[in-house]
Structures are given as C-alpha cells and as structure tokens.
S.K.: 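So that we are looking at the same thing, I have put the structure below in structure tokens.
Bear in mind the structure is a predicted one, so any value in this text is a computation, not a measurement. FYI, side chains are in, hydrogens and waters are out, and symmetry mates aren't considered; it's all heavy atoms of this structure.
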Amino acid sequence: MKTVYLCGFMGCGKTTVGKLLARKLNCGFFDMDEYITEKEGMEIPKIFAEKGEKYFREAETDAIRELAEKSGVIACGGGAMLKKENAEIASAAGTVVYIDVPFETCYSRISGDKNRPIVMNNTKEELEIIYDGRVPVYGENASVTVSGDGSAEEIADRIIAAVE
C-alpha cells in the first residue's frame, strides 16, 4: 500500500478520519503534529513561541520526509501542504488527499483550541482569510479531493474509493 497523506484546513477531520482510515486499510497511522511534538520534546504552541513558525515549518518538512519512509496514513498539519517541497515529497511517496470542508464547519471545531497557535492569534475573520488563501493550494497540491461532508466513516470510505 502506498502512503496516504491527508491535508486540509485545521478542523477538517484529518486526524479523526485518518485513524479510522488506517484501521480500515489495516495499516499504520501517523499524526504529523504529534510526531513533531514527540521529536521536539515540546508542544506546538511552545515551538511557535520559542522557535517561531519558520522553524516549525522546517520541522514539518523534515517530518514529511521521514514519514515518507513509512507506509500508512499520515494526517498532515493544516499548513504542511502549502509548501511546494512538502507536496512534492508527499506526492512522490504516496497519494495526497485533500479533505474539503466548509470554513464554518472547521471553525466550529477549532475555535478556542489552545493547542493551535494560529487559531489563538487570529480572529474568526482573519482565520477565514487564511482559509480562503489555503483552499486553492490544497486543491493544487492534492492528487485527490474528497468532500468532508458526512461522518468520519463516510469520508474514510470516500477516500478508500478514491485511492484504490
């Protein structure tokens, strides 16, 4: 099985769907944010605060490169596929799937999440501008786009149908 990289805006369901997808495909699951947190020995807000977003984005590239060696389902951070190099590494190693979810749905899931520095440092309006800027890039860098409407089960089944 080739690796499946899940991308999309914060709150689109990458981790929830990814865990279910990995179970259905009988393969490993890796959450990129958790991977970076373990590797760095600190939570993401602390990485942003102490080392900056640029450092974190470099850590994401390292994580994508390292996880490309494994096979399974990888839930990427919301910003990971915005960098062309990351998208190219992921596309060479497997299939990049964009989970397309409307902003309001994402926002209802992420508002107030203290583990997301970008959420904590921006208003709803600013987050929507970030969302609007990212959506076309997700689409360009993904091999497959699936609708994020419905249950995690339905989304996982859509991804299986799209990648098989």
Side-chain angles (χ1 to χ4, degrees), residues 1-22 24-25 27-37 39 44 47-48 52-107 109-110 113 116-119 122 126-150 152 154-164:
M1 183 203 125
K2 285 187 96 174
T3 302
V4 176
Y5 290 85
L6 301 178
C7 76
F9 198 68
M10 299 171 282
C12 76
K14 296 177 297 282
T15 300
T16 302
V17 171
K19 287 177 180 173
L20 183 60
L21 183 62
K24 287 177 168 264
L25 294 173
C27 65
F29 171 76
F30 305 92
D31 181 285
M32 211 160 83
D33 287 345
E34 281 179 22
Y35 183 84
I36 292 168
T37 298
K39 194 173 162 197
I44 291 170
I47 296 170
F48 266 70
E53 184 175 358
K54 184 178 187 301
Y55 178 90
F56 177 76
R57 297 299 172 200
E58 288 167 10
E60 276 185 326
T61 300
D62 292 341
I64 285 178
R65 194 174 282 115
E66 291 159 17
L67 291 170
E69 307 292 315
K70 304 177 184 302
S71 72
V73 176
I74 298 168
C76 295
M81 287 301 143
L82 302 176
K83 187 174 175 184
K84 198 76 187 151
E85 179 186 0
N86 294 352
E88 288 167 356
I89 294 166
S91 292
T95 305
V96 178
V97 177
Y98 164 41
I99 302 174
D100 187 10
V101 174
F103 174 75
E104 288 298 330
T105 304
C106 291
Y107 186 75
R109 296 174 182 168
I110 63 174
D113 186 338
R116 298 178 191 267
I118 291 174
V119 172
N122 289 282
E126 290 166 330
L127 286 169
E128 190 162 15
I129 291 166
I130 293 168
Y131 172 92
D132 290 341
R134 288 183 175 187
V135 163
V137 183
Y138 294 140
E140 287 165 25
N141 289 332
S143 322
V144 175
T145 298
V146 297
S147 166
D149 289 339
E154 291 167 321
I155 299 163
D157 289 343
R158 258 184 236 129
I159 293 169
I160 290 169
V163 300
E164 286 186 335

S.K.: Distance from L127 atom CG to R116 atom CZ, nearest 0.5 Å?
M.R.: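 Answer for the CG-CZ pair, L127 versus R116, is 10.5 Å.
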S.K.: Please evaluate residues L67 and T3 with respect to the criterion side chain to side chain contact (heavy atoms under 4.5 Å, CB included), reporting the C-alpha separation (whole Å), side-chain torsions for both, the decisive distance (0.1 Å), and the verdict.
M.R.: CA-CA 9 Å; L67 291 170; T3 302; over 6 Å; no
S.K.: Do L20 and F29 have side-chain heavy atoms sitting under 4.5 Å apart?
M.R.: no
S.K.: Show the numbers, then the answer: is there a side chain to side chain donor-acceptor pair (under 3.5 Å) between T145 and D100?
M.R.: CA-CA 7 Å; T145 298; D100 187 10; over 6 Å; no
S.K.: Locate the shortest heavy-atom distance separating A93 from A68; write the atom from each residue and the value.
M.R.: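 Between these two residues, the closest heavy atoms are CB-CB, 3.6 Å.
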S.K.: Parallel under 30°, tilted from 30 to 60°, perpendicular over 60°: which one fits the rings of F9 and Y131?
M.R.: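 Perpendicular, since the angle between the ring planes exceeds 60°.
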S.K.: Please report the interatomic distance CD(E60) to CD1(I44), rounded to the nearest 0.5 Å.
M.R.: 8.0 Å
S.K.: At what distance, to the nearest 0.5 angstrom, does CD1 of I130 lie from CG of N122?
M.R.: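 It is 4.0 Å, given to the nearest 0.5 Å.
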S.K.: Are the side chain of N141 and the backbone N or O of M81 linked by a donor-acceptor pair below 3.5 Å?
M.R.: yes
S.K.: Quick one: CD1 on I74 to SG on C7, what's the gap to the nearest 0.5 Å?
M.R.: 12.5 Å
S.K.: Using a 3.5 Å distance criterion without hydrogens, assess whether the side chain of S143 forms a donor-acceptor pair with backbone atoms of V96.
M.R.: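 Indeed, once roles are kept as given, a pair shorter than 3.5 Å links the two residues.
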S.K.: Do E164 and L25 come within less than 4.5 Å of each other through their side chains, counting heavy atoms only?
M.R.: yes
S.K.: Rounded at 0.5 Å granularity, tell me how far NZ in K39 sits from CD in E66.
M.R.: 3.5 Å
S.K.: Tell me the closest heavy-atom pair linking C27 and G72, and the distance in Å.
M.R.: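 Heavy atoms only, the tightest pair is SG-CA, 3.8 Å.
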S.K.: Check step by step if side chain to side chain contact (heavy atoms under 4.5 Å, CB included) holds for D113 and M10.
M.R.: CA-CA 10 Å; D113 186 338; M10 299 171 282; over 6 Å; no
S.K.: Any side-chain heavy-atom pair from L82 and Y138 closer than 4.5 angstrom?
M.R.: yes
S.K.: Do any N or O atoms from the side chain of K24 and from the backbone of D157 form a donor-acceptor pair under 3.5 angstrom?
M.R.: no
S.K.: Identify the heavy atoms of I155 and S147 that sit nearest to each other, and give their distance.
M.R.: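 Looking at all heavy atoms of both residues, the shortest contact is CG1-O, 3.9 Å.
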S.K.: Assess whether side chain to side chain contact (heavy atoms under 4.5 Å, CB included) is satisfied between I89 and K83, documenting all intermediate values.
M.R.: CA-CA 10 Å; I89 294 166; K83 187 174 175 184; over 6 Å; no
S.K.: Where is the tightest heavy-atom contact between A162 and V146, given as atom of each residue plus distance?
M.R.: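 The answer is CB-CG1, 4.3 Å.
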S.K.: If you take all heavy atoms of E154 and G150, which pair is closest and at what distance?
M.R.: OE1-CA, 3.0 Å
S.K.: Quick check: closest heavy atoms across A80 and I64, and the distance to 0.1 Å?
M.R.: CB-CD1, 4.0 Å
S.K.: Please report whether the ring centroid of Y35 lies less than 6.0 Å from that of F30.
M.R.: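 No.
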S.K.: Give the intermediate values and the outcome of side chain to side chain contact (heavy atoms under 4.5 Å, CB included) for residues L6 and I159.
M.R.: CA-CA 10 Å; L6 301 178; I159 293 169; 3.9 Å; yes
S.K.: T61 vs N86, test: side chain to side chain donor-acceptor pair (under 3.5 Å). Steps then yes/no.
M.R.: CA-CA 6 Å; T61 300; N86 294 352; 2.6 Å; yes
S.K.: Hey, could you give me the CD1/CG distance between I36 and D62, rounded to the nearest 0.5 Å?
M.R.: 8.5 Å
S.K.: Start with the C-alpha gap between E85 and R57, add the side-chain angles, then the distance that decides, and say whether salt bridge (Lys or Arg N to Asp or Glu O under 4.0 Å) holds.
M.R.: CA-CA 11 Å; E85 179 186 0; R57 297 299 172 200; over 6 Å; no
S.K.: Within the supplied structure, the quantity of interest is the number of heavy atoms (other residues, nucleotides, ligands) at a distance under 6.0 Å from K70 NZ; does it exceed 12?
M.R.: no
